[in-house]
Each structure stands twice: as C-alpha cells, then as structure tokens.
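Report on the following structure.
Numbered from 1 within each chain, the chains take letters A, B, ... in sequence-line order.
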Amino acid sequence: MSDIKFRLKRQDPRDKENPEAHWEEYTVKYEGENLTVLEGLFYIQESLDPSLSFRYGCGQSICGSCAMYINGAYRLACQTNVKHLAADVITVAPMPHLPLIKDMIVDMDDFFAKYEQIKPWLIRNSPDPEKELIQSAKDAKKIEMPSDCILCGSCYSSCPSAWGEENYLGPAALLKAYRFEVDTRDEAGRERMPDWDNERGVYRCHTIMNCVEACPKELNPTEGIEWLKRAAVRRKVFRRAK
Amino acid sequence: MKAEAVAAHRGGMWAWLFQRITAILLIVCLAIHLTFTHLLNIGDLGYDNVANRLAHGGLTAVDIILLAAGIYHALNGLRMVLLDYWLTSRVRALAVTIFLWAVGIAFLVYGIWGLWPWIGY
Amino acid sequence: MSKKPRETANVGAGLWKATGMWAWLLFRISGLILVFYLGAHIIVISTSQFGVGGGTFDNVMNFLDHPVAIVLDVALVVAVLYHALNGVRIILMDLGVGIHRHKVIFWSAMAVVVVCFVIFAYVAFSYLANDVGPWNGALGVAS
Amino acid sequence: MIHHDVIVVGGGLSGLRAAIEAKRAGVDVAILSQVHPCRSHSGAAQGGINAALGNHPDGADDTWEKHAFDTTKGGDYLVDQDAAIQMAKDAIGIIYEMDHWGCLFSRFNDGRIAQRPFGGAGFPRCCYGLDKTGHYLLHTLVEQAYRLQIKMYVEQYVAKLIVHDGVCQGVVTYDMIHGGFESFTANAVVIATGGAGRTYSNSTNSIISTGSGMFMAYHAGVPLKDMEFVQFHPTGLFTTNILMTEGARGEGGYLVNGLGERFMEKYAPKFMELAPRDITARSIQTEINEGRGVNGQGYVHLDLRHLGAEKILERLPGIRDLAIHFEGVDPIEEPIPVVPSQHYWMGGIDTNVDGATPMPGLYAAGECACVSVHGANRLGGNSLLETIVFGRRAGADVVRYLETLTDKRPNARTAFATAQLMEQMIDELGAKNGTENVYVLRAEMTETMKEHYGLFRDEATMKAGIEKLLSIKERVKNVGLRWTGRVFNVDMIRTVEFEGMVDLALCVAEGALARTESRGAHFRTDHNTRDDVNWLKHTLAYYRPDTPGPRLDAKPVTLGPFELQERKY
C-alpha cells in the first residue's frame, strides 16, 4: 500500500486573514492494511498541520463525536476504513447545513436544544415499585432501535426539512420522543405530546428518508416518526392511551 | 432555534390526516373522472356531451368530491411547502392558513358555479 | 437563543444520491404543478357559464384539442401518476408498511406509473393520429 | 468568572450521577466536560452491571454478601471490604432506580431484568442491555440531567484545580468553542474524568481517556492510590484493541488457540472462559508467548459461531458490528481475532467510601478514583456499578460537606491568579521554539508502557522502562506549542495533557517496581506469589514538583468478614 491523499475542507470564520472556506490537500502515510479516516485526521494534525480541528471521542463508533461528510456521505470518521471507500482521494468536510465553528467542528447547540425540547426522559406519575418495573421482552425489544441513537447529528444535518426550517425538531429528537412514547414504562400520556404533535414536530417530516440513509448506526428515525403520527391519531381520534 | 417558536405551533394532526384522506379520495375519484372523461370519451369533450355524462348523478358527485378534495389537498400541500421555508413565525403561519382557507372556499364556490349549468341541465 | 448564521458554502451537499431525496423533490415539484393545473382547470370548466348554450366551453375544448395541448396533457398525466403513486407509497409508510423497504416500494410504484402512462399515451397518441379514440362510444355514451 | 456551588468535572456515569444527587438535594451544580456528556467513555461499556437481584434461575439465592465476596476475592483481597460491601448493598437499589428512570435492560420472559454469567462471579448476576449496557445507562443519566436542568458546560477542557489554603475552590478550563481560559469557582469539586487508558498504546479506552482528572489532582498534592494495578481485558480486537465484551464469553463464547484447543481448561478448569480477567488475560498471553497463537501470530480466537446467528444478533449485535467494521470479520461466520488489551485503571485518586479525597472540597468518583473496591483486579460488570454507586455517594457527601461550610465565598484572587497562570503557561509554550515533537514522545511513552508494564512484569524490564520514562519526562521540557490559535485547538490540549500522562505513567512504573509480589493484575515473573505479610497494603503516590518520580507511601487495607484465601477458579 502506498500513501493516500486527504482533501479537507478548512474554514476558520474567526480568522481575520482567511475567513473563507477552502480545500487543502494532505498526503497521509498509509502502510498497513487498515487506516480509518479519524486516524488519518490525527496523522495530519500530529505531523502535517497542527491547526486542524476536529471532534473525537471513543474511536469505536459509540460516542457520536466524529460524524463528518466523507466522500459524499455522512460517516463516522472512526468507523470509516479508507479501504472500504475505494477512492484515491478521501474528501472530508464538516456536516453540511449546520453552523460552522471551525474546520470539522459544527455547532450542535440547536441540535441539543431540540433534543431537550421533547422532554427526553421517562415520565412517570404512579409511584415506583420496590423492584423493577415489569416489561416484557417483546416490549423491551421495541425500544432497542431508538435507544441505540448516539446523537451524532448526521440525520439532522441530512434532513431537507431541517435545512429550510430552523425550528423543525429533526429526526434525532423525534426518534428520542418515539423511544419514550413507545416505552411501556412511560406514563407521559398527553404531557410530552404537544412537543412533537406539532407543525414543527412530526408533521414537518415528509418521509424523505435521508435520515435513514445518513444514520451511521443504521437506525430508522422515520419509522419512529411515523409511529408517532399514528399514535397522535390513536390518541386524538380514537382516544387510546398509547 | 427558539423554543418558544416551536412551542407556539400546536396541532397539525388534522391537517396531516385530512391530507391523507383527501389523497385517497382523489385517487379513487380521479381514476373514475379520467376514465370517463378521457379514456372512454376521448375527443368528444363538448358542452352537450359533458351534460349527458353528468346526467348520471354519481359522476356529478364524483366531480364535486374531486373539486373539494382537490382544493383542500392542493392548498394544504402549498401550505406545507411554505411552512418548510419561510413560515417560521406563528403569526405569519396563521395568517397564511386563513388566507388559504379563504382562497379555497372561493375556488370551491366558483368551481361549483362552473359546474352548475350541467347540474341543472 | 440567538439565531446563528447558517453555513452557506456547503448548501447543496446532502444525500443527492438517495432515492428518497429525489422521490420527495419530484413529488414536491409535481405537486406544485398540479396546484396550478387545478386552478387552471376550474377556470376552464367555469367557461360553461359563458356564451350561449355552452358555446365558449366548446370553443375552449376545441382549442384544447390542438396537438400541443395534448402533448401537455400527456405530460400532466405523468405528473398526476407520479404524484398519486408516490403518494400511495407515503401513505403506506404512514401506515407502517414498508418503511424498511421504501426503495422497493418506490420502484414498484414507478412500474405502475409506467404501465398507466403507456395506456394513456397510447390512447392520446392514437387519438392524435386518427382523430378518434379506440374505445369511442364503447359504453354507449352518446357522442 | 463563573460560580456554582458544586462543579462536577466530567460528564460520564459517575459525574452525572453525582450531579443528579446534588441537584436533587437542591444544590446549584454544574457539569464541565471535554465532550458532551452523552459522548463520554462510559457509553462504550458493553457487558453489563452487577447486582444480586436473584432474577436468574441459577442465581435465585444470590445475595449482596456473595457479590461482595466475589468482588473481594476477584480483587485478590486488596479490596477495602467495607467499600465492597457498601457497593454490593447499594447495587440492587441502583439497578431498580435506573430501571425506573427508563434505562433499557434486556428482560427475561417474565418481564424481569435479565442477568447473564460474568467472569469471576459465582452467580449469573450481571444485568445488561444487549451488549450496549454502558450506552443505555449513560443516555438514561444524561436524560435525567436534562430533566433536572443541570447546567452543562460542554467542550470545556478542565486544565487546573484552583486551590486556596489547601481547599479546592474550583477549576480553570480551556473553553474550546470560544477560545481562552475561564475560571469556574465552586465550594466543592467532584472529579469524574475516568481512566488513563491512553497512556498505553494498546488500550480499549476512548481517545479522550487520558486521565486528566487524575493528574490534575496529583499535581495539586492529592495522592494517587494503587496505580500499579492496570487491568488488561482478555479480548480486544487484534488490530485496533477495541473491546469485545466479556458478555460474549458470558453467553457461551470459546477462547481457542492456534491448535484449536479451548486452552482455558488448563488455567481455570472450573470457570473456563469466565475466570477473572487477570487470569484469562495472562492465559491468553501465555498461549501467544509460547507460540500457540493463531497462525503463529500474536492473537487467539474468540469463537462465537456455535452460538448461532440468532443468539448473536439478539444478544451481541454491537460487537458484531464492531468486528465487521473494525476487523472485517463477521462473528457469525468466522472467529474473532483477539488479544489482551489495556482496559481499566484500578488505581486512582485516593478517596474514602464517600468519594472524599484528603483535600477538603475535592471529591472523586468513578474510574479516576480508587475507593478501593476493585483491589488488585476488577471483576467484569463492577465498573459500571462503581461509577453509579460512588457517583451517588459522592454527590450526597458533597451536599453534607456544603452544609458544614461557614464561608461559602471562594477566593476570587486565587481563582484569577490560577487562570492567569494557565494563560502564561500557554503563552510560554507558544513562544518556545520546540525541538521535540510531543506526538513522537507520546508514541514512545505509550509503547514503553505496553512493553514494560504489561501483563508480565519483572525487575529488569521495569527498571529499563523507568529510565525511558524519565528521559521522556526530561524531553517534554523541549516541547513547544506549534499552533497558537485559540478556537478548538486540539494541538494545545494534546500537548498540555502529555506531561501529566507521563507523571501517571511514572506512578505506575514506580509502584509496580516497588511491589515485590504478584497480586491480581500485577504479575511479576520474578516474584510470582502473593505476599500478604509484606504487601497487603495500598500504595500511595505523592507528587514531588522538584523530582520526576512520585514519593511512595503505604496505607493499610480495610479487612472485614472475608478471610484471605488462595485464588482458585
């Protein structure tokens, strides 16, 4: 194996001399079989350009820090092996459609504000039992998919509904709402509902499915959002509890 | 994002649900409408011809449902597009919604008026 | 929370290779076309109120028999069929059907679009060629 | 300058739990973290969390006493038994509480929380959520933190403690988003920054697990306890050292050497693959060293194929994904190549059972602290438990501490001066024309730790290791800052934290050299038995600003109801 070219989108809006976005190329040492994009970025930061900024966390695709736009797709840099990209040049850009802070760092404040907006916690009204709450294995299975979300923001960045409308809650927050509404232990009833049963909530989703394409954990936010829409009908039209 | 802006927008389920209901009505009624107007009678569209066809009360009903459902579906669809791009404030969204309802009702009345010569033929 | 300037340099990036993205975009465009068509259609129909014995209406209808209008009609049929069948796909997803197989359903819906379109185009173009429809008067409706 | 009553440094499980406990008592508490709390390394934990619920049919008569005993025995009796008992007692309530907060747990058919067997435990008592238990627990606590509206300052790299008259009064942080240093004053500080796994090159830990909290406290004069005990997980992926959970063996996975033998029957005939981690890891390393690795290479196989696709997909989907993404191996079809990898830091900041350190106002909880419940070797499933149990206890004790304080106004001048000091240090680093590359030194250090302080240690290699570490420590002085921009300066963080990492490495090295016995994870080929007469005691390491290595001291182990016996599995 020989060296490999990385093409990085660089921008420091607060740099007075060069605030504009520009592309820079680096040659990264690529000797062994395996090189992840994150390792490549570390190589650049350590050996070629110390001014490169990017987020990193676990390096094992569970923390959700390093979601980037790599070779035309949303990917976790740590999880992406360059050999699987089958490309001569690795193009890395920050996640598009989000406010930029520097280089690969995007502003996630809105993302988390929206996450907070849907009351992402279990709401219970009845007193807790002494032991665990009984939940069937089948019901526990229902919350597995939405619980696996790592809040990397790929879906939020990829959603055309969120591009045009800054107040749309976005797939990740709505998936979180689904995670709790579908949980048999949750007793929110109508308490959480106004936050997602809302023109800025589930009804802004047009089942474009970009979030499903983008999700590096291969989750399906749309499935959750559609469930919520049906839940709204069940509750408001048929007066059901869940 | 402004939390208040999100909180200010309540509801939306009925609009969404009616969009689906009208969609289904449209598919059924449109299939009937197109079959009778364009497949079975192509080339013969004329005042008397239409009048003959609409003498079957069922087809008149289909056309009126089509008109009402079509207007709702179209204008609500338009509203969806607008909401995606610039109706961020609740006041603006409400104003546009009311305006579109007015336009829709006007078109419905106008459309029925347009069909009237045949209904009373 | 203050409104932050959105990055502009990257707009346009996204998942333009994704099926669902194109499906939605075409859905939206066809929808907007149909909104304007609906308005135009209502206005055309309302000409029944003008002229003696529907004269204006017949004139308009004759004018719309022009080949260009018929080609436009066929294009309109494409928009209607696409919008309708993609709409069916969306309603299926709303019902929880095929969320994990939305692409298969999309292409199946597109197959139905093609079949329906072929029927319509055949009728329309044979009318253009022969000035007569294949099933003219088939149901005994007076001509 | 920003003031909060309590500042929690680190947003992992223990930090969040401490903050939640304090907030519930009505205290003004803030979390400072280098990453958003949901990105903490706690989320990478896979296997599960121990509690003697007795839900498993084979473990119906399990009790917290047995849990405490297993913990003590697993820790080779270097465990403070009062702490182990406390943890085992609290465990049961902790699990129910997490369940009531909505954490996802896998379930038995009757709807109760499922439990699986885990290494070194006499009963199946490990509660789990698939193989992503840490992720589910972490997100549950993040959610609770949002519910209680705990103030979170994210992407704040905490660089230094503010100490006034021997009392901890806050921290100075590097604000990565806005650039620049900020001082946060507080009446109490809880350090919960996790382990220092990244001082080893073969670590399963997050890249952010650099032990920053540990060396921050160490530099402020707080002793570090039992630093020589570093756990190696038996099964990390061969190329990337990413963790393959012990749950894989708990579900019935085999360890197979190059000859196709289940070699664990030689080393732990009764427990087989589910022997404690130190024993399993050494067994694997012995196989590899004696040339019985797969294909003569330095790894053995973790074979899950006989479990069947259905069980793997249902119980272990996460490690399957990891194996596919990072090793290119699908466990359903192929065995996974694994090697022992640095995993956990038994030692840490010296605290009592309530998380209090010897310094007033300073608390520590989680992996960065050493209570010590893990002694010389931690049992799988006890780390998640420790973080939550002692996070909660620290949070509660902080509240009690605040009530005893008469003067609740931290000294603003000291806070300001400490921030100034950091600014100055960065300016000096930036002005310096560095002749050494910090990343070259880092690679040398992590490699030294792996080679010289790994599974098998002996005097000669350890002495050579100390020589290397001392020379690295000397060369750190010639390191400069290559980029002086202030916004999200990754280079600055990685440069500044390096010297502290070397100090931690030296604590490990000196402690290991001094301890002339083999106990738990610390195994010496030249002293291969346990020496309870001379070494049944904790090591304390104190920072000496003028000398490179630490000053070592000892502290007695708290014994209790469990008699010392030989460890056999």
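- Here A:I150 is the residue among A:L38, A:N81, A:I150 with the most heavy-atom pairs under 4.5 Å with chain D.
- Interface remark: A:L52 contributes backbone atoms only to the contact with chain D (heavy atom separation under 4.5 Å).
- When heavy atoms are compared at a cutoff of 4.5 Å, D:R494 approaches chain A solely by way of its side chain, counted from C-beta outward.
- Of the listed residues (A:Y115, A:F180, A:F54), the greatest number of heavy-atom pairs within a distance under 4.5 Å of chain D belongs to A:Y115.
- Of the listed residues (D:G328, D:A114, D:G43), the one with the most heavy-atom contacts under 4.5 Å to chain A is D:G43.
- The local environment of CD in A:E25 is crowded, with over 12 non-hydrogen atoms from other residues, nucleotides or ligands closer than 6.0 Å.
- Ranking D:T239, D:L130, D:D110, D:V438 against chain A, the residue ahead of the rest is D:L130, based on heavy-atom pairs under 4.5 Å.
- Other residues, nucleotides and ligands place more than 12 heavy atoms under 6.0 Å from the CG atom of A:N18.
- Both the backbone and the side chain of D:Y146 come within contact range of chain A, each with at least one heavy atom under 4.5 Å from a heavy atom of that chain.
- When heavy atoms are compared at a cutoff of 4.5 Å, D:I207 approaches chain A by way of both its backbone and its side chain.
- Two residues are said to be in side-chain contact when any heavy atoms from C-beta on lie closer than 4.5 Å; A:I62 and D:Q46 fail this criterion.
- For the atom pair CE (D:M176) and CD1 (A:I101), the distance works out to 10.5 Å, reported to the nearest 0.5 Å.
- Although no hydrogens or angles enter the test, the distance criterion places no donor-acceptor pair under 3.5 Å between the side chain of D:R107 and the main chain of A:K141.
- Using a distance-only test at 3.5 Å, with no hydrogens or angles considered, no donor-acceptor pair links the side chain of D:H100 to the main chain of A:L122.
- Both the backbone and the side chain of A:E144 come within contact range of chain D, with heavy atoms under 4.5 Å apart.
- When all heavy atoms of D:I242 and A:G59 are compared, the closest pair comes out as CD1-O, 3.9 Å.
- Of all the listed residues (A:D12, A:I143, A:D103, A:D186), the one sharing the greatest number of non-hydrogen pairs under 4.5 Å with chain D is A:I143.
- When heavy atoms are compared at a cutoff of 4.5 Å, D:N437 approaches chain A solely by way of its side chain, counted from C-beta outward.
- Sparse packing is recorded around NZ of A:K29, with 12 or fewer heavy atoms of other residues, nucleotides or ligands lying under 6.0 Å away.
- Using a 4.5 Å heavy-atom cutoff, the side chains of A:W121 and D:T140 are not in contact.
- The shortest non-hydrogen separation linking A:R55 to D:I177 is NH2-CD1, 4.2 Å.
- Taking SG of D:C103 as the start and CG of A:D183 as the end, the distance is 10.5 Å to the nearest 0.5 Å.
- Here the side chain of A:Q135 pairs no donor or acceptor atom with the backbone of D:L104 at under 3.5 angstrom.
- Heavy atoms closer than 4.5 Å to chain A are found in the side chain of D:Q34, but not in its backbone.
- Both the backbone and the side chain of A:K131 come within contact range of chain D, with heavy atoms under 4.5 Å apart.
- The shortest heavy-atom contact between D:H139 and A:C149 is CE1-O, 3.6 Å.
- Between D:V487 and A:K102, the shortest heavy-atom distance links the atoms O-CD, 3.5 Å.
- Residue D:S209: no heavy atom, backbone or side chain, is found under 4.5 Å from chain A.
- From D:D491, atom CG reaches atom OG of A:S53 across 9.5 Å, with rounding to the nearest 0.5 Å.
- The candidate from A:S47, A:P129, A:C152, A:C78 with the greatest count of non-hydrogen atom pairs under 4.5 Å with chain D is A:P129.
- Between A:Y56 and D:V490, the closest side-chain pair of non-hydrogen atoms falls below 4.5 Å.
- Rounding to the nearest 0.5 Å places CZ of A:R14 at 11.0 Å from CZ of D:F488.
- Looking at D:D321, neither its backbone nor its side chain comes within 4.5 Å of chain A, counting heavy atoms on both sides.
- Within the 4.5 angstrom heavy-atom criterion, atoms from both the backbone and the side chain of A:D148 approach chain D.
- Heavy-atom pairs under 4.5 Å with chain A peak, among D:F108, D:F326, D:W101, D:F105, at D:F326.
- Ranked by heavy-atom pairs under 4.5 Å with chain D, the first of A:C63, A:S136, A:A140 is A:C63.
- There is no contact between D:I92 and chain A, counting heavy-atom distances below 4.5 Å.
- A:K176 has a carboxylate O that lies under 4.0 Å from a charged side-chain N of D:E143, or vice versa, which qualifies the two as a salt bridge.
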Step-by-step side-chain contact (heavy atoms from CB on, under 4.5 Å) determination, D:Y96 to A:L133:
CA-CA 8 Å; D:Y96 291 146; A:L133 295 156; over 6 Å; no
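- Residue with the most contacts toward chain A among D:R112, D:H41, D:H135: D:H135 (heavy-atom pairs, distance under 4.5 Å).
- Residues A:F42 and D:Y439 fail the side-chain proximity criterion, which asks for heavy atoms closer than 4.5 Å.
- For chain A, the nearby part of D:V35 is the side chain; its heavy atoms alone come within less than 4.5 Å.
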Any chance you could lay out the side-chain contact (heavy atoms from CB on, under 4.5 Å) test for D:D99 and A:R185, step after step, and finish with the verdict?
CA-CA 9 Å; D:D99 176 60; A:R185 296 169 291 180; 2.7 Å; yes
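- Both the backbone and the side chain of A:L151 come within less than 4.5 Å of a heavy atom in chain D.
- Within the model, atoms CD of A:E116 and CE of D:M152 stand 8.0 Å from one another, a figure rounded to the nearest 0.5 Å.
- A distance-only check finds a donor-acceptor pair linking the side chain of A:E132 to the backbone of D:I113 [under 3.5 Å].
- Of the listed residues A:Q79, A:K138, A:K119, the one with more heavy-atom pairs under 4.5 angstrom with chain D than any other is A:Q79.
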